[in-house]
Structure formats: C-alpha cells, structure tokens
Amino acid sequence: NDDLLIRQVVDHGDGGGAVDENSLVNADHHFTIFKRKFGKVYATQEEHDYRFSVFKANLRRARRHQKLDPAAVHGVTQFSDLTPREFRRQFLGLNRRLRLPSDAHKAPILPTND
Amino acid sequence: LPMDFDWRDHGAVTPVKNQGSCGSCWSFSTTGALEGANFLATGDLVSLSEQQLVDCDHECDPEEKDSCDSGCSGGLMNSAFEYTLKSGGLMREEDYPYTGTDRGACKFDKNKIAAKVANFSVVSLDEDQIAANLVKNGPLAVAINAVFMQTYIGGVSCPFICSKRLDHGVLLVGYGAASYAPIRLKEKPYWIIKNSWGENWGENGYYKICRGHNVCGVDSMVSTVAAVSTS
C-alpha cells in the first residue's frame, strides 16, 4: 500500500529529485547526479565516502517523509549530503531561547466575515 | 476574506533570497515582512538589508540577558523588529549587501535608512485571524518546524506527524483555497511561504503547507509589522 501511495504523487519522468522504490538501489547513480546538479566537490575520498553514506541515509529519510507527507513530493535536494544536525546548524537559526516579550503587543482581532 | 490571496500578485514581495550557510533565516523573515509593510506604506517595493540585522542587531530577551540575536547563530523576528524600531530602520540591500558571515563590524548608516518600523504585533493562534492580518497588513513573519523542508521538492506539505518545535523563520505571503491531497481524497487549503534558501529549493524558493491544524507549528509564532513612510 505504501508503494501505491508513493506512486500517486511522485514524478516518474526525469525523477526531478523525487524518491521512489528504486532510488536506494541506484543510490550511487543518484549521488552522481546530485553532485553534478549542485556542484558538490569533496576534498578527500574519505569525505566523499562519508557524504555518500549521509546521502543514502537521506534517501531513506526522504522516503519516510514521502510516506508521512504524501501530498508533497520529497526527495533529493541541495541538503541531501547533510546530516539533520548539520542542516539545522547551517540553515536554520530561530533562537528558541529568545521569547516573545511578555508585554508584546497583540494584534487587534479583525473581522473575518464577509 | 478572499478564497485565495497572494501578495506576489500585488507586488509586495521581493525575489527569493539565499541565506547561504548561515543561520540567519530570522533576518530574512524580518526584512520580508518589513519590505511588504513598507510597500503598503509607500507604494515602493525596496529590498532591505539582512546583513544590517546580522551585524548590528544584538537585541536580547528582556528576561534572559544572555539570549540575544546573534547573526548566523540565530535570532528571533520580534527581537529584530524591536532592534529596527530602536535603531531607526533598515538600509537598502544594495547599500548594505548580504555576505552570509557574521564576522563583520556593524556598518549601519542612519542617513541611508530605507524603511522604518511604526509598530509590530503578534497575531493570535487562529488561522482566520492570521489570514485577515495577512490580507490587511501584508506578508507576515512566521516561525515553523523545518524538519520536512530538508527533503521538500514541491506540492502541499501536510505531514501526518510534525513537531511544533519552532526552528526556522520564514515569510507568509499568501494562501490558496484548495490543492488536491490524494491521500485524503479531498481538496486542502494551504499557506504560501517564502523561504530564504534560493530559487532552486522547493517550488521556486517557496513552500506550501496545509492550513487548518497548526501543522509544524506554523500558526504558533506569527508577527505583523507596520512601516512608516520615509519618502
């Protein structure tokens, strides 16, 4: 059933970066396309191999996201060689320790009928 | 309220920007909201400087003095509005361009202010009020949990399970009445969100997330800002 759900939303044309049931089998091919598309170059073979392992983990993650979020398309993005922790550190940045001031002005309630 | 609304169609939204490898999303959310408010106040769409916020805004939590806006290490949109109100305003993007690093000294020039904050408010956790404030006051600064955004390519994101732990600042620019959700076999309304990861991410830099259930905490921290005309 999961595969059936995925087939309903994934573009099977050129892939467009979306994941499908074959993505993990062809992970090295997808990684080659990913590196070319996003201009990724790694300094050493060790770094390359590590990033490939992260990439494969993110393919599995994208499949999980696809199952949990079937109305969207999930797959390979520019962040596919980053661990979730690296992604959060480098590309997010909402400081949760900062809070709204207790005296923050609240927007007046607006009419929403008509 | 209109069934569909998109501030991009009304000229209130600048092109998608790219924060690079820097946790400055909060500054892009802040400038996006003020760019829209300034457009409503003046009729001119002016791209505003995130780097000014990254370099110069160190506004702190009034109750926790060591929790402050801190460039690529993170910040909060409301603190940035407070800084902008206190400092006098924001400069143009071209006068204080983005570098994506936070090692530079503050180069704010009061003589080159392009937009000023008149006031700002938090919007209640009510999707009709969020939509009403969006339509009336311009794009809104919102926070979201971005876990599904790392793998997002397109469509309307409506995950069955998503943490409401907020970790990313973005800009709410519109909403749509219906996008077909195959799993639910019905039309689903959605929010249109401008992100700051470049045009090659998502749907030309934009994210669609379904409305109605505070999905990924998108309704939890919403701010509206009003601008003063400087012309």
Side-chain angles (χ1 to χ4, degrees), chain A residues 4-11 15-19 37-38 58-80 82-84 86-114, chain B residues 1 19 21-26 61-64 67-70 72-76 78-79 82 119-124 128-129 131-133 136 143 146-148 150-161 165-169 179 181-184 188 197 200-201 208 210 221 224:
Chain A
L4 180 64
L5 294 178
I6 289 170
R7 274 196 292 275
Q8 287 180 310
V9 296
V10 168
D11 171 15
V19 286
K37 182 174 180 182
F38 297 109
N58 277 326
L59 284 181
R60 289 189 289 272
R61 197 155 161 262
R63 271 200 80 174
R64 286 197 302 276
H65 282 185
Q66 188 68 79
K67 289 179 181 178
L68 283 168
D69 188 14
V73 179
H74 289 273
V76 176
T77 69
Q78 66 223 65
F79 308 118
S80 288
L82 299 177
T83 65
E86 288 170 328
F87 171 70
R88 282 196 301 274
R89 198 181 65 237
Q90 294 177 35
F91 294 96
L92 307 184
L94 195 81
N95 189 342
R96 282 193 301 272
R97 288 184 304 165
L98 280 164
R99 290 167 299 176
L100 293 174
S102 53
D103 61 347
H105 182 252
K106 293 183 176 57
I109 300 300
L110 298 173
T112 54
N113 294 329
D114 196 15
Chain B
L1 289 171
Q19 67 188 74
S21 183
C22 167
S24 54
C25 57
W26 57 279
D61 187 317
E63 292 165 21
E64 268 190 71
S67 293
C68 310
D69 286 338
S70 49
C72 292
S73 299
L76 191 68
N78 278 65
S79 307
E82 187 74 31
N119 60 64
F120 62 95
S121 315
V122 295
V123 180
S124 69
D128 283 341
Q129 283 302 308
N133 274 277
K136 183 168 187 283
V147 67
F148 281 85
Q150 186 176 359
T151 57
Y152 174 80
I153 291 176
V156 177
S157 186
C158 199
F160 298 126
I161 305 165
R165 187 180 155 116
L166 306 175
D167 55 16
H168 189 43
S179 174
I183 189 72
R184 292 178 168 87
K188 289 286 293 179
W197 296 340
N200 292 328
W201 176 85
K208 288 179 185 164
C210 62
M221 188 188 286
T224 178

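Every chain is numbered from 1 and lettered A, B, ... according to where its sequence line falls, protein lines coming before strand lines.
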Chemist: If you define the side chain from C-beta out and look only at heavy atoms, does anything of A/Leu68 sit under 4.5 Å from B/Phe148?
Modeler: yes
Chemist: Using the ring of each side chain (for Trp, its six-membered ring), is A/His74 parallel, tilted or perpendicular to B/Tyr152, with breaks at 30° and 60°?
Modeler: perpendicular
Chemist: In Å, rounded to the nearest 0.5 Å, how long is the span from NZ of A/Lys37 to CG of B/Asn200?
Modeler: 7.5 Å
Chemist: Considering residues, nucleotides and ligands other than B/Asn119, do more than 12 of their heavy atoms fall under 6.0 Å from its CG?
Modeler: yes
Chemist: Sort B/Ser21 into side chain, backbone, both or neither according to what part of it lies under 4.5 angstrom from a heavy atom of chain A.
Modeler: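 The answer is both parts of B/Ser21.
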Chemist: At what distance, to the nearest 0.5 angstrom, does NE2 of A/His105 lie from CG of B/Asn78?
Modeler: 12.5 Å
Chemist: So which of A/Gly93, A/Gly75, A/Ala62 has the largest heavy-atom pair count under 4.5 angstrom toward chain B?
Modeler: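 Heavy-atom pairs under 4.5 Å are most numerous for A/Gly93.
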Chemist: For A/Phe91, is it the side chain, the backbone, both or neither that has a heavy atom under 4.5 Å from a heavy atom of chain B?
Modeler: both
Chemist: Top residue by heavy-atom pair count (under 4.5 Å) with chain B, among A/Gln78, A/Arg88, A/Arg89?
Modeler: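 The answer is A/Gln78.
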Chemist: Of the backbone (N, CA, C, O) and the side chain (C-beta and beyond), which part of B/Gln150 lies under 4.5 Å from a heavy atom of chain A, both, or neither?
Modeler: both
Chemist: Carefully, step by step, assess A/Gln66 and B/Ile153 under the rule side chain to side chain contact (heavy atoms under 4.5 Å, CB included).
Modeler: CA-CA 11 Å; A/Gln66 188 68 79; B/Ile153 291 176; over 6 Å; no
Chemist: So which of B/Asp128, B/Val123, B/Leu166, B/Thr224 has the largest heavy-atom pair count under 4.5 angstrom toward chain A?
Modeler: B/Leu166
Chemist: Please rank B/Cys22, B/Ala143, B/Gly169 by heavy-atom pairs under 4.5 Å with chain A and give me the top one.
Modeler: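 Of the options given, most contacts go to B/Cys22.
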Chemist: Counting only heavy atoms closer than 4.5 Å, note whether B/Ser157 contacts chain A via side chain, backbone, both or neither.
Modeler: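 Both backbone and side chain.
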